Amino acid sequence: MIDIPKTYDPKEAERHHYARWEGRGYFAPEINKDPNAPAFCIVIPPPNVTGSLHMGHALQHTMMDIMTRHKRMLGYRALWLPGMDHAGISTQLMVTRQLKKEGLTRHDLGREKFVERVWKWKEEYGGQILNQLRREGCSVDWSRFKFTMDEDLSRAVREEFVRLYDEGLIYRGNRIVNWCPNDQTVLSDLEVLREPNQGKLYYLRYPFKNRDGAITVATTRPETMLGDTAVAVNPNDERYASLIGQTVILPIVNREIPVIADEFVESEFGTGAVKVTPAHDPNDYEMGMRHNLEQVNVIDRFARMTEEAGAEFAGLDRYKARELVLEKLEAAELLEKVSDYEFSISKCERCKTVIEPLISMQWFCRMDELRDLALAKLREDRKPQFVPQVPYEKVYGDWLENLRDWTISRQLWWGHQIPAWYTTKGEVIVARTRAEAEAKAGTSELTQDEDVLDTWFSSALWPFSTLGWPDETEDLKTFYPTSVLVTARDIIFLWVSRMMITGLKFIGQEAFHDVYVTGTILDKHGQRMSKTKGNGVDPLEVFDKYGVDATRLTLAQVGSTDTRWNEKQVESYRNFANKIWNAARFCLINGEMSVPGAVATGSGDPFEVNDRQTLPLHDRWILSRLNKTADAVNQQIDAYDFHAAVQELYHFFWDDFCDWYIELSKSTVTAESASPERDIARARLISILEQALRLLHPFMPYLTEELWLKLPIAHEQYLDAAYAGAEPTIMLASFLRADSSLIDDSAEAEMKAVIDLISRVRNIRSEMNIKPSDRIDLIIAAKANLKSVFSDSTDQIARLTRAKDISIDGTSEMPKAAARAVLAGGAEVAVPLEGLIDFAQERLRLSREKEKLEKEATKLETQLGNADFVQRAPAEKVEELRARVTDIAQRNAALDQMLEALS
RNA sequence: GGGCACGUAUGUCAAUGGUAGACGGCUUCCCUUACAAGGAAGAGGUUGGGGGUUCGAGUCCCUCCGCGCCCACCA
């Protein structure tokens, strides 16, 4: 007797399979020996080197692994390429913090030592997520693993920079940017958060130079007035028409500044007059450019006031300076009023420090021409194909249309240093290497630009830099464009758009055909999970508690809509895993063949017969169900409908296979003495289980491998042709493609009648309080077609209804003392209950049923009585309703007879 | 300020304009030798409110209520 535990232990299965798969190279596309195999490729969104696994990752990884395993089993040359992002700011902060504990700053170490230190940190603490990826069962090809700071990827980044610069798409300029005073770097617009802020609106009076009085301006940031170089009004504002061109005296500073007219000013807001600070406000900057205004920098990179702000302000923090400015204006009676005002404020996405807009020399990427590439691809070719298409296609398109230039330099040390050098004369040389720069410059006296590139500048190349670009490698030819990108919606702009753009620019083809956008997993209150809120659920703890496979099923069914985390759901899939385990246990316990050493399946298909109609009903039925399921699951995975696929598999395995097929086969399979019938039934049972495991594998890799290897079958025969000769593993077995010749609707209809009969009898047993141990008799009356179906299945019906004697007849007289039921299709069943039956109760039971039927009949008849419906609805719909009415009438008549017999 | 979603059983979610389902929970019975993480049988819904289009609406349109998300240069 085979010894298998009664409960599935996921940890046991998770322990050894992954290392075996990885060690034998199953994840690498090279395992595929079919030279004509179609390619399938997903590049993983590279997790940050500082990151550790959260639910969002687990969700995306599950979907990517399902798709990759599915395609691999179908014989595709499948590649899921893993990697990691150097995550500029995060990583630098992490190491800076570590240094702080030692009482050091990065400047104490110097750039070179600091960068060394970051690499050391990466080796020691970075990339925790990589082992977590293994735990999840992700079938990524580790031999192709890439880190964004690897030498080959860095080379790609320099290539990108040089090419764009040579085409004039990258430029260096002194412009207003988002500055984080805490991180001491510039940020792109996408790295800035807007947060609502309860602030104040201050009304300041600026006296006229050549006349009495003053003009009042409203501002939320009075300290910036020290850098004002104009006051602006709307040109159409009659109140101020006469003031345009006048000069006002800037209080405190006593600078003379003009009143200008600009369309930007909203007359309705505040006083209709705006102070203009070109050096510290993006709008004012634009206005300043339009009117040739002077830029006075009064705030520095530490958000402190500069010398230019005046001696008494220099060195003061911006908020301290605000107080002092207000104090002085108040004293001069130039502070007209202060009101409460809510407005949004810009903060650094990472450290939440309030952003200081200031003018700074930075590198920018011009986006108009590049954006047009992506827009044209979207409008003309519908690429990428977003899933779901609504709303993402529109969101992406709209964003592209309003795209502004991208600030790509960062004042960090960790990252790709900008490949630009300066000669002693201040000339700029952009080149791939220092040597190339020296050759271009004709001198070796060059200083490299201190800044590094935005992390997303390197991620933008991910789908092809990882495949070898700028070299024309085999991988690039085979796997680009990649098949699908799986991501959460928060990086559609930051990352997806930029990959599309660079892909089109450098390769001429879209980076991926499809973009599948997953939903978000929320906590049980519907809140986003976040570190700061501490409401996150750790996937690793869920793995420990319920197993990886159960967690994967839970995640797979999340799909594209936001879902609240529900641990009960994982528990129910844990139970499902256990169910599969026990079904397999049953098959294995009863898996021995009469010929010692024979395998259950291996010498051909155990269902192979000359005439399929000679197969028992339950065999024809399960083959039909299996193939329909395979068909559905293939389509659903291709359509990214993982939710439906999980439902399909769950119900096939539990309802069809366990509840019915195993039960219907049981008497033959468990027969005590060996016989050819027993062998064949056992082989068939194992064959269905084997195929079901293959269908389940992409979703539940560990459990299916664990069980599949235990099956008494000729494993090597099930490998996909592309993997012939490999050591057996279910992950290289052929994924089921539906065989339409095995789909048998009449078998399904007949089986439905049998199931209906058994259910009705069980219902009678339950309602009549018949003890499970009590055997009953059944009298069945049915027309010829069903009569033969029932008589072919009497043993099974008897077993499943716990009946001892069954008589089937077309016309037989039903005993009065019996509980009866009418089945769909007009058959009737009676359970004689001489001496046990309570006539009144039975009448009640039947009347209740009649009531239900009548209610439905009324509804249908009303609908059919509607001339408009009959006229306008499709004919088949009308026919369908008529057929149902007929069936109900038949059953009702039978119920009437039964009721009459009881009275 | 602009845009986009969502609201279905007690919970979490499904449902090409055509009989509203699944899982969990709940009730009753059963430790029937694959599985009590199980089996059998049940109960449970005016699909957030109101209006409209349609033969027919959870689904399409309008409106209100509720809860979210994204974008944005009114100081």
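Chain naming here is simple, since letters A, B, ... match the order of the sequence lines and numbering starts at 1 in each. Keep in mind that the numbers below use all heavy atoms, side chains included, and drop hydrogens, waters and symmetry copies. Computed from a predicted model, the values in this text were never measured in an experiment.
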[N] [atom2] sits how many Å from [X] [atom1], rounded?
X	N	atom1	atom2	value
A:K275	B:rA75	NZ	C1'	8 Å
A:N578	B:rA34	CG	C1'	10 Å
A:W660	B:rA34	CH2	P	17 Å
A:H525	B:rG66	NE2	P	22 Å
A:Q527	B:rG68	CD	P	7 Å
A:R564	B:rC67	CZ	C1'	9 Å
A:D549	B:rA37	CG	P	20 Å
A:L588	B:rC35	CG	P	14 Å

Identify whether any heavy atom of [X] sits under 4.0 Å from a base atom; if not, whether one sits that close to sugar-phosphate; answer base, sugar-phosphate or nothing.
X	value
A:P282	nothing
A:V558	nothing
A:D490	nothing
A:T7	base
A:E856	base
A:Q647	sugar-phosphate
A:E876	nothing
A:R404	sugar-phosphate
A:F493	sugar-phosphate
A:C658	base
A:N402	nothing
A:Y285	nothing
A:Q863	base

Tabulate atom names and distances for all N/O pairs under 3.5 angstrom spanning the protein and nucleotides 24-30 of chain B.
none

For the side chain of [X], counting heavy atoms from C-beta on, which of [options] is nearest?
X	options	answer
A:F586	B:rC73, B:rA34, B:rU12	B:rA34
A:H651	B:rA40, B:rA34, B:rC23	B:rC23
A:T561	B:rA40, B:rC73, B:rA14	B:rA14
A:R884	B:rG11, B:rC35, B:rU19	B:rU19
A:F269	B:rA34, B:rU32, B:rC74	B:rC74
A:P391	B:rA34, B:rC23, B:rC4	B:rC4
A:K859	B:rA34, B:rC74, B:rU19	B:rU19
A:R585	B:rC73, B:rA34, B:rU19	B:rA34

Problem - B:rA34 base / A:K666 side chain donor-acceptor hit below 3.5 Å - result: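 Checked by distance alone, the answer is yes.
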Handout entry: Shortest non-hydrogen separation from A:W406 to A:S188 and the atoms involved
Key = CD1-CB, 4.0 Å
Handout entry: Carboxylate-amine/guanidinium contact A:D523 A:K533, below 4.0 Å
Key = no
Give me the distance, rounded to whole Å, that separates [N] from [M] when you measure between the [atom1] atoms they each carry.
N	M	atom1	value
B:rA15	B:rC74	C1'	46 Å
B:rG50	B:rA57	P	15 Å
B:rG52	B:rG17	C1'	16 Å
B:rU63	B:rU27	C1'	42 Å
B:rA5	B:rU10	C1'	26 Å
B:rG44	B:rA36	P	31 Å
B:rC13	B:rU47	C1'	14 Å
B:rG49	B:rA43	C1'	28 Å

Exercise for the section: Quick one: sort the A:Y661 and A:F657 rings into parallel, tilted or perpendicular, breaks at 30° and 60°. Expected result: parallel
Exercise for the section: On the 0 to 90° scale, with breaks at 30° and 60°, tag the A:W399-A:F493 ring pair as parallel, tilted or perpendicular. Expected result: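 It falls in the parallel class, under 30°.
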Can you check whether [X] reaches [Y] side chain to side chain, under 4.5 Å on heavy atoms?
X	Y	result
A:W660	A:I758	yes
A:M700	A:L553	yes
A:I797	A:V754	yes

Write down the partner of [N] under the Watson-Crick or G-U wobble criteria, each distance required to be under 3.5 Å.
N	value
B:rA57	none
B:rC31	none
B:rC4	B:rG68
B:rG21	B:rC13

Problem - Residue met sooner reading RNA chain B from 5', once A:N590 and A:A218 are mapped to nucleotides - result: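 Taking each residue's closest nucleotide, the earlier one in sequence belongs to A:N590.
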Completion exercise
Between A:I758 and A:F343, the residue closer to the 5' end of RNA chain B by nearest nucleotide is A:I758
Problem - Candidate pair A:D656 and A:H651, rule side-chain hydrogen bond (donor to acceptor under 3.5 Å, both in side chains), full reasoning - result: CA-CA 7 Å; A:D656 296 339; A:H651 291 293; over 6 Å; no
Problem - Side chains of A:Q295 and A:Y285, donor plus acceptor under 3.5 Å - result: no
Exercise for the section: Please determine if A:K200 forms a cation-pi arrangement with A:Y341, meaning its NZ or CZ atom is less than 6.0 Å from the six-membered ring centre and no more than 45° off the ring axis. Expected result: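 A:K200 over A:Y341 ring: no.
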Practice task
Go through the steps to decide whether A:E356 and A:R221 satisfy the test salt bridge (charged side-chain N to carboxylate O under 4.0 Å, His left out), and finish with yes or no.
Solution key: CA-CA 11 Å; A:E356 189 56 50; A:R221 296 197 59 193; 3.0 Å; yes
